[in-house]
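This report refers to the structure that appears directly beneath it.
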Number of protein chains: 2
Amino acid sequence: MGTTQLESVPEPKYWHLKTVIGEALDSEFEVGEILPNERELAARFGVARATLRQALEQLELEGRLQRRRGVGTTVAPPRVGVDVSTAQHQWPGAGEDTWQAVDCTSLVPPVAVARLLDLHADHDAEAGAEPVGPVYAVRRLRATHGQAVAAEQLYVPAASVPGLIVTPAMTGQALARGVLRELQRLPLEGQDRAVELGSARADDAKELDRLPGAPVLVVTTRYLSEGRTAAVSVATYRADTCRLTFGDVGDLQIAS
Amino acid sequence: MGTTQLESVPEPKYWHLKTVIGEALDSEFEVGEILPNERELAARFGVARATLRQALEQLELEGRLQRRRGVGTTVAPPRVGVDVSTAQHQWPGAGEDTWQAVDCTSLVPPVAVARLLDLHADHDAEAGAEPVGPVYAVRRLRATHGQAVAAEQLYVPAASVPGLIVTPAMTGQALARGVLRELQRLPLEGQDRAVELGSARADDAKELDRLPGAPVLVVTTRYLSEGRTAAVSVATYRADTCRLTFGDVGDLQIAS
DNA sequence: TAGTGGTCTAGACCACTCC
DNA sequence: GAGTGGTCTAGACCACTAC
């Protein structure tokens, strides 16, 4: 053991790069400022472009950079706190809302959603009991400060909106509003929620101004009424720009 | 316009690969089953290994695959639902808990945490008012089904645990338990919470059995007592294996 | 020691934005 | 058309695991 310990745990280059660039962002750059392009940066640090990109990808994942094809890489503003709390036990669309209903179609829900809609809170789900048919699928978008932050698919079985009158002349948006309005007539008993990491589907990505596969936070909400699951919402939030809040923290982000 | 529309939006190869492999996982593989190695798969699909890896990375991000160096790529089990709800307004460590306190040190908190600790709920934070000195930093680990799912750093100012008696002979773990015990003497008025995407720091990664930079869900909790922020918790959950629940959904995951 | 995934290179071409 | 980030290739070597 006469040798000096050189690099007992040699740090990957991209990890070191990430640290160096991250520190430079804090001290030498302003929010919105544009960085040198990738080829320039790679040359400056003496690494291959792919290696540099690995570092930039991490920084983008952490919400510190924003990259746009054809434009460049800019320093991202701090993440926006988006309230996702069970606000006053409301149905979606009730009260003043940051959501905007854009469309509504009728479709057979994905199996995972169908299973959630099948679950009855008051008795065991019997195998094969009442297969879930087509449901209303309301499409909504959420914006904050002029920026689209989330796209939602709200699944509402026809049974949950018995009073809904559908005319052939109705546009998708009018139908969406009608479904939301009727939904609010039901007594809302509770909701439960789950958050997980996902990657944006092509349609969500387009509306969130991201590339397909971009990381998103998927918030699944089950709305309970009269012992049943009256509706299921699957909302995808931009993971790079959003911090989901369940209360009133709202002020600062904790980087990791 | 006499040409047939060929590929108006040519799909990237890795995106197509991800779809193909994802479907194969559903139909041809069991949970825990080991996939062919990356060189083999790349050859089979006629792409470079880097391209194949891009597809595998996405599937891992979505919690559908698990990759371990030196071992191989296996089909991941469905994500575990982990309850993160504001359970009965409890202090950390109260009641039966899935958390295990492992250590406690005294340190100067990161600036972001310091700012959260500075914020007083009952009056405006005056600039320069009472700078935050060293705080107790309790380290805890959370396990489910024998699997480590989260690592937490709990920051507790000494002012929040005035009754704590520290002896030089105390181990880190004993000190951690002491801090938690004293914390529970304070009246807990509320807590608020935020969830965002991050990447695992080296120490967290090690305890979560992941590589540094692995995607994690960072849950920041502020504990309020007597109009002050009595403690701040920063917990990092494995994003690949966890689904955070805020209620009692718990049964199924919605893939995206 | 053999086999795995992780890192890295030095190129190439493509899709997009802006001028 | 010039410049950007996004995709892709065909290699190489390294770190880790298991036998």
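- A sub-4.0 Å separation between OP1 or OP2 of dT9(D) and a side-chain N or O of Thr51(B) is present.
- As a whole-Å value, the separation of Gln58(B) CD from dC8(D) P is 11 Å.
- Distance, Leu56(A) CG to dC8(C) P: 14 Å, rounded to whole Å.
- Contact annotation for Leu211(A): backbone-only contact, meaning every heavy-atom pair under 4.0 Å involves sugar-phosphate atoms and none involves a base.
- Taking the six-membered ring where the residue is Trp, the centroids of Phe246(A) and Phe246(B) are separated by under 6.0 Å.
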Let me check something: any side-chain donor-acceptor pairs from residues 48-55 of chain B under 3.5 Å, sequence neighbours excluded? List them with distances.
unit_1: Arg49(B); atom_1: NE; unit_2: Glu38(B); atom_2: OE1; d: 3.0
unit_1: Arg49(B); atom_1: NH2; unit_2: Glu38(B); atom_2: OE1; d: 3.0
unit_1: Arg53(B); atom_1: NH1; unit_2: Glu38(B); atom_2: OE1; d: 3.2
unit_1: Arg53(B); atom_1: NH1; unit_2: Glu38(B); atom_2: OE2; d: 3.1

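- The distance from atom OG1 of Thr98(A) to atom CG of Leu141(A), rounded to the nearest 0.5 Å, is 11.0 Å.
- Note: Thr236(A) OG1 to Arg210(A) CZ = 12.5 Å, rounded to the nearest 0.5 Å.
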*Assess whether side chain to side chain contact (heavy atoms under 4.5 Å, CB included) is satisfied between Tyr237(A) and Arg142(A), documenting all intermediate values.*
CA-CA 9 Å; Tyr237(A) 287 79; Arg142(A) 179 170 184 169; 3.0 Å; yes
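- The shortest distance between the side-chain N/O atoms of Arg67(B) and the OP1/OP2 oxygens of dG6(C) is below 4.0 Å.
- A salt bridge does not link Arg238(A) to Asp204(A): none of the charged nitrogens lies less than 4.0 Å from a carboxylate oxygen.
- Scanning atom types as modelled, one donor and one acceptor separated by under 3.5 angstrom connect the side chain of Arg49(A) and the base of dG6(D).
- Less than 4.0 Å separates DNA chain C from at least one heavy atom of each of the following residues of residues 32-45 of chain A: Arg39(A).
- The nearest whole Å value for the distance from the CD atom in Gln66(A) to the P atom in dG6(D) is 11 Å.
- Contacts of Arg68(A) with the nucleic acid, taken as non-hydrogen atoms under 4.0 Å apart, involve only primed sugar atoms and P, OP1 or OP2.
- The side chain of Val71(B) sits closest to dA18(D) out of dA18(D), dT9(D), dT7(D).
- When rounded to the nearest whole Å, the span between CG of Asp209(B) and P of dC16(D) equals 13 Å.
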*asked:* Using the rule given for side chain to side chain contact (heavy atoms under 4.5 Å, CB included), can you reason through Val232(A) versus Val135(A), listing the C-alpha separation, both sets of side-chain angles and the distance that settles it, and then say yes or no?
replied: CA-CA 11 Å; Val232(A) 166; Val135(A) 301; over 6 Å; no
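- DNA chain C is contacted by both Ala48(A) and Gly70(A); Ala48(A) maps to the nucleotide lying nearer its 5′ end (nearest heavy atom per residue).
- For the helix from dT1(C)-dA18(D) to dC18(C)-dG1(D), the terminal axes (five pairs an end, C1' atoms, rotation from four pairs onto the next four) enclose an angle of 10°, given to 10 degrees.
- Note: CZ (Arg210(A)) to P (dG6(D)) measures 8 Å, nearest angstrom.
- For Asp203(B), the CG atom counts as densely surrounded, since its 6.0 Å shell holds more than 12 non-hydrogen atoms of other residues, nucleotides or ligands.
- We find that CZ of Arg69(A) is positioned 12 Å from P of dG5(D), with the value rounded to whole Å.
- You'll find the side chain of Val84(A) reaches within 4.5 Å of the side chain of Arg193(A), heavy atoms only.
- Atom pair Arg53(A):CZ and dG5(D):P shows a separation of 9 Å (rounding to whole Å applied).
- Of the N and O atoms on the side chains of Glu152(B) and Ser233(B), at least one donor lies less than 3.5 Å from an acceptor on the other residue.
- Within the 4.0 Å cut-off from OP1 or OP2 of dG5(C), at least one side-chain nitrogen or oxygen of Thr73(B) is found.
- The nearest whole Å value for the distance from the OH atom in Tyr14(A) to the C1' atom in dT9(C) is 16 Å.
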